[in-house]
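Heads up, the thing below is written out as structure tokens.
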Protein chains: 2
Amino acid sequence: MMKEFLHDNRIFYNPIEFAMAHIGGTWKIPIILCLRNGPVRYGDLKKSIPHISDKMLFTQLRELEEKQMVVKHTFSEKPPRVEYELTPKAIKALPLIDQFTAYGISLMSDAGII
Amino acid sequence: MMKEFLHDNRIFYNPIEFAMAHIGGTWKIPIILCLRNGPVRYGDLKKSIPHISDKMLFTQLRELEEKQMVVKHTFSEKPPRVEYELTPKAIKALPLIDQFTAYGISLMSDAGII
DNA sequence: CGGTATCCTTCTTGATACTG
DNA sequence: CAGTATCAAGAAGGATACCG
């Protein structure tokens with residue numbers, strides 16, 4: 001398939017694993033989709049993503065920041081305001097995410113869910 | 001985003017999670033890609049996918065069969081021959097997988113890996 | 001050749017509670 | 001408002017060994 005490589009103290013065997021590290025898991029795509037129309041604050045993300053816990057939102061946002069998929073803007077106001085915004089790296093993923101959604105819907109249709 | 005739903009005793013919150021259950025994880029896409037040009041036998045899959053263990057190949061093939069992403073053909077020969085083949089559900093995923101790969105490669109390029 | 005079982009470790013996720 | 005810490009349960013994955 002291809003040669004494996006190291007990144008951030010982890011071994012990857014192919015480009016898909018690398019992409020999965022950026023947008024895989026349960027919560028990263030829902031977060032990215034919430035940010036697709038512009039910056040959103042923490043509390044609004046929490047409200048927009050059903051069932052996500054503070055811990056998951058917090059840890060996933062940190063990971064997305066580390067991978068430079070989102071940037072955090074802190075405004076020194078009272079009450080404090082913090083907004084998260086997609087980077088170009090994440091914006092490039094949007095067509096892929098849309099195709100992913102379409103495939104998911106087609107599988108759901110096959111399974112008789114819709 | 002959308003209403004959650006149940007399937008196979010598990011809760012899903014959106015179509016992407018459902019798609020991830022079919023092609024997510026470390027090994028399902030490499031297996032699907034090995035089968036893209038037609039049926040392949042167990043031993044050849046093992047040889048073509050570097051680093052996969054028998055346990056992982058075995059469990060992932062069972063899961064792919066359960067989700068009707070692959071079919072197993074058993075030939076009563078000596079020595080026994082068993083081939084795995086993609087179903088239409090998996091074939092439909094190939095364009096998505098290719099786009100996934102392309103995104104992974106572009107991320108790798110951003111990261112200076114290639 | 002093509003599995004299958006068992007044990008064990010690591011990673012992911014959930015529940016809960018507390019802070020500047 | 002926007003985090004942050006701690007504990008624990010469960011799932012995913014690796015090592016090893018054995019079977020028809």
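Numbered from 1 within each chain, the chains take letters A, B, ... in sequence-line order.
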### Message
Checking B:Ile23 against B:Leu96 for the side chain to side chain contact (heavy atoms under 4.5 Å, CB included) test, could you report, in this order, the C-alpha distance in whole Å, the side-chain angles of both residues, the deciding distance, and whether it holds?
### Response
CA-CA 10 Å; B:Ile23 63 172; B:Leu96 174 60; 4.0 Å; yes
### Query
Got a sec? Which of residues 52-66 of chain A come in under 4.0 Å of DNA chain C, heavy atoms?
A:Lys55, A:Met56
### Angle of first-five versus last-five pair axes in the helix from C:dC1-D:dG20 to C:dG20-D:dC1, to 10 degrees
50°
### Task
Check each residue of residues 39-47 of chain B for a non-hydrogen atom within less than 4.0 Å of any atom in DNA chain D, then write out the ones that pass by number, or none.
none
### Message
Salt bridge check, B:Lys92 against A:Asp110: does any charged N sit closer than 4.0 Å to a carboxylate O?
### Response
yes
### Task
To the nearest 0.5 Å, tell me how far A:Thr101 OG1 sits from A:Leu94 CG.
10.0 Å
### Message
Under the criterion side chain to side chain contact (heavy atoms under 4.5 Å, CB included), I'd like the reasoning laid out for B:Leu86 against B:Val71: C-alpha separation, chi angles, the key distance, then a yes or no.
### Response
CA-CA 6 Å; B:Leu86 297 186; B:Val71 275; over 6 Å; no
### Query
Can the ring centres of A:Phe5 and A:Tyr13 be said to be less than 6.0 Å apart?
no
### Query
Contact class for A:Phe75 (heavy atom, under 4.0 Å): base, sugar-phosphate, or nothing?
nothing
### Derivation and outcome, side chain to side chain contact (heavy atoms under 4.5 Å, CB included), residues B:Leu64 and B:Lys28
CA-CA 8 Å; B:Leu64 287 168; B:Lys28 288 197 180 67; 3.7 Å; yes
### Query
What is the distance from atom CG of A:Leu57 to atom CG of A:Leu45, rounded to the nearest 0.5 Å?
5.5 Å
### Message
According to side-chain hydrogen bond (donor to acceptor under 3.5 Å, both in side chains), who are the partners of A:Tyr42, at least two apart in sequence or on a separate chain?
### Response
A:Asp54
### Summary
The residue among A:Arg41, A:Arg81, A:Glu83, A:Glu85 that forms side chain to side chain donor-acceptor pair (under 3.5 Å) with A:His73 is A:Glu85
### Query
5' to 3' on DNA chain D, which nucleotides open and close the contacts with chain B (atom under 4.0 Å from a heavy atom)?
D:dG13 to D:dA15
#### Entry: Rounded distance [0.5 Å steps], CD in A:Gln60 versus NZ in A:Lys55
10.5 Å
### Task
Determine the minimum heavy-atom distance between A:Ile49 and A:Cys34, stating which atoms define it.
CG1-SG, 3.6 Å
### Query
Between B:His51 and A:Glu4, does a side chain to side chain contact (heavy atoms under 4.5 Å, CB included) hold up when you go through it step by step?
CA-CA 10 Å; B:His51 314 282; A:Glu4 70 258 27; 3.6 Å; yes
### Task
Can you measure from CG (B:Leu35) to OH (B:Tyr84) and round to the nearest 0.5 angstrom?
10.0 Å
### Task
To the nearest 0.5 angstrom, please state how far the CE atom of A:Met20 sits from the CG atom of A:Asn14.
9.5 Å
### Query
Hey, where on DNA chain C does chain B first and last touch, going 5' to 3'? Cut-off is any atom under 4.0 Å from a heavy atom.
C:dC1 to C:dC7
### Task
Rounded to the nearest 0.5 Å, what's the gap from CG on B:Leu107 to CE on A:Met69? Could you check?
6.5 Å
#### Entry: 5'-most by nearest nucleotide on DNA chain C - B:Val82 or A:Pro80
B:Val82
